[in-house]
Structure formats: structure tokens, C-alpha cells
S.K.: 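Structure incoming, see below.
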Amino acid sequence: VNPGFQGQLKLYEAMGCAVDSSSALYKRYRLQVLTEKYPELQDLPREVFAADPTSICQTPNTEVLYRCRKCRRALFRSSSILSHVEGNGPTAFAHKRIADSARLCGDSREKCTSYFTEPVQWMEPALLGVMEGQLLCPKCTSKLGSFSWRGEQCSCGRWVTPAFQIHKSRVDEVRTLPAGNFQTAKT
């Protein structure tokens with residue numbers, strides 16, 4: 001049996017024997033297939049990009065919204081975050097470093113300091129035709145993170161491919177309250 005087909009079967013089983021297009025596993029698989037299918041990355045299908053939170057109707061939602069820490073522009077929702085298995089920390093790539101690898105072998109494993117997301121519509125101009133680069137806020141142009149279709153290393157030591165990495169220190173997490181828990185002000 002073809003190894004690619006075996007991988008698809010494992011994905012199908014991991015999603016509970018149903019195709020769930022909102023699953024992080026499915027989104028990551030779709031992005032990997034995309035990098036193989038469109039090596040020039042010029043004309044990406046529109047369905048690859050998650051909806052820009054500023055263009056979505058402002059309905060009460062239980063999803064967490066992430067905003068630029070500098071200008072407060074909405075950037076992405078929690079459903080756009082693609083989780084990954086935590087790696088072995090800095091020791092995972094110690095063989096590539098010139099520094100003394102004995103220092104890196106401490107038990108204090110660093111957690112992930114970035115969010116890895118699916119591409120969002122506001123990222124499209126930066127992504128087309130380029131293999132890697134910076135992700136800048138579309139409103140204030142402050143640096144949020146970086147992207148690489150070849151992949152990037154997370155602070156936890158895991159290699160994530162393709163990587164759309166936004167640093168947690170550059171965004172604020174905004175949780176919406178249920179409508180019944182507060183009174184709305186009338187003006």
C-alpha cells in the first residue's frame with residue numbers, strides 16, 4: 001500500500017473516522033499537501049486562508065480572539081491555531097549549535113513561546129511567491145513573527161512544517177464574555 005495513502009488513513013482514524021475540515025490535524029495535512037502541489041506559491045487557493053477576524057460578522061462567539069499588542073487589530077481566532085506535539089526542548093537541535101551542548105541539557109523544558117497558525121487572509125500578500133519572511137501587522141506593521149514553507153523550530157524543540165509563527169509576546173488574548181454576565185450600556 002502506498003505510504004501516502006497509509007498516512008491519509010491514519011489521519012482519518014485520528015479524526016474519528018470522519019473528515020473534519022476544522023480539525024488542526026486536517027489543516028496541517030492540507031498545508032503540507034499544498035507545499036508539494038504549489039512549489040512556486042504564486043496562486044494559492046482561497047480556501048487555504050482562514051477568514052480575517054475583522055471581516056467576520058461580530059456575533060457572540062466563545063472563541064478566543066488574538067489582537068496585535070501594539071495597535072489592537074484583530075489577527076486570528078483560536079480555531080486558526082495549529083497545535084503540535086511538544087519537542088525535547090533546546091536539546092533537540094543541540095547538535096547544530098556551536099555552544100556547549102551540556103548547558104542545554106537542563107531539565108527546565110521551555111514551553112512554546114509562539115502560536116503556529118494556519119495562514120489568515122491578511123497574510124496573503126506576504127506569502128505569495130516567497131518561501132519565507134516576516135509576518136507584520138497589517139495595520140501598524142509591527143513585527144508579529146515569521147513564516148517559512150520549509151518549516152521553523154519552535155522554542156519547545158519541535159520542527160513545524162510549514163510554519164506561520166506568531167510570537168505570544170506580540171499578541172493579546174481576548175476572551176468574550178457571555179451576553180448574560182454583564183449589562184450593556186445604552187448611549
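Residue numbers run from 1 in the order of the sequence given. Side chains are part of it too, since the values below use all heavy atoms of this structure and drop only hydrogens, waters and symmetry mates. It should be emphasised that the depicted structure is a prediction, and the values quoted were computed from it without experimental measurement.
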S.K.: Let me confirm one number: the OG-CD1 distance from S114 to I81, rounded to the nearest 0.5 Å.
M.R.: 11.0 Å
S.K.: Just how far is it from atom CE of M123 to atom CD of E118, taken to the nearest 0.5 Å?
M.R.: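 Here the interatomic distance stands at 9.0 Å.
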S.K.: With rounding to the nearest 0.5 angstrom, report the CZ to CD distance, F147 to E132.
M.R.: 8.0 Å
S.K.: Out of curiosity, L65 CG to E173 CD, how far, rounded to the nearest 0.5 Å?
M.R.: 10.0 Å
S.K.: To the closest 0.5 Å, what do you measure between CD (Q165) and SG (C154)?
M.R.: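 Reported to 0.5 Å precision, the distance equals 6.5 Å.
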S.K.: Kindly check if the number of other-residue, nucleotide or ligand heavy atoms within 6.0 Å of CD (Q6) is above 12?
M.R.: yes
S.K.: Flag yes if L144 and V64 sit in one hydrophobic cluster, no otherwise; membership is Ile, Leu, Val, Met, Phe, Trp, Tyr, and two members link when side-chain heavy atoms are under 4.5 Å apart.
M.R.: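 Yes, it is one cluster - the side chains of L144 and V64 are joined through contacts under 4.5 Å.
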S.K.: So, for A163 and F116, which heavy atoms are closest and what is the spacing to 0.1 Å?
M.R.: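 The answer is CB-CE2, 3.8 Å.
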S.K.: How close do R69 and S169 get, heavy atom to heavy atom, and via which atoms?
M.R.: NH1-O, 3.1 Å
S.K.: Going by heavy atoms in the side chains, are V85 and C156 under 4.5 Å from each other?
M.R.: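 No, too far: nothing below the 4.5 Å cut-off.
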S.K.: Test of understanding: clusters of I, L, V, M, F, W, Y form through side-chain heavy atoms closer than 4.5 Å, transitively. Do L127 and L136 belong to the same one?
M.R.: no
S.K.: Quick check: do K168 and T113 have side-chain heavy atoms less than 4.5 Å from each other?
M.R.: no
S.K.: Specify the closest pair of heavy atoms between P138 and W122, including all atoms of both residues, with the distance to one decimal.
M.R.: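 Closest pair (atom of P138, atom of W122, distance): CD-CE3, 3.7 Å.
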S.K.: Looking at residues at least two apart in the chain, or sitting in another chain, which of them share a ring pair (Phe, Tyr, Trp, His ring centres under 6.0 Å) with Y66?
M.R.: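 Y66 satisfies ring pair (Phe, Tyr, Trp, His ring centres under 6.0 Å) with F76, Y115 only.
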S.K.: Can you tell me how far the CG atom of L135 sits from the OG1 atom of T117, to the nearest 0.5 Å?
M.R.: 7.5 Å
S.K.: Looking only at heavy atoms, what is the nearest atom pair of M131 and R150, with distance?
M.R.: CG-NH2, 3.4 Å
S.K.: Which atoms form the tightest heavy-atom contact between V174 and R72, and what is the distance?
M.R.: CG2-NH2, 3.9 Å
S.K.: When you compare the side chain of E152 with that of S146, does any pair of heavy atoms fall below 4.5 Å?
M.R.: yes
S.K.: Would you confirm whether S155, through its side chain, and K111, through its main-chain N or O, come within 3.5 Å as a donor-acceptor pair?
M.R.: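 Side chain of S155 to backbone of K111: a pair is present.
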S.K.: Which pair of non-hydrogen atoms, one from R67 and one from L75, has the smallest distance, and what is that distance?
M.R.: C-CD1, 3.9 Å
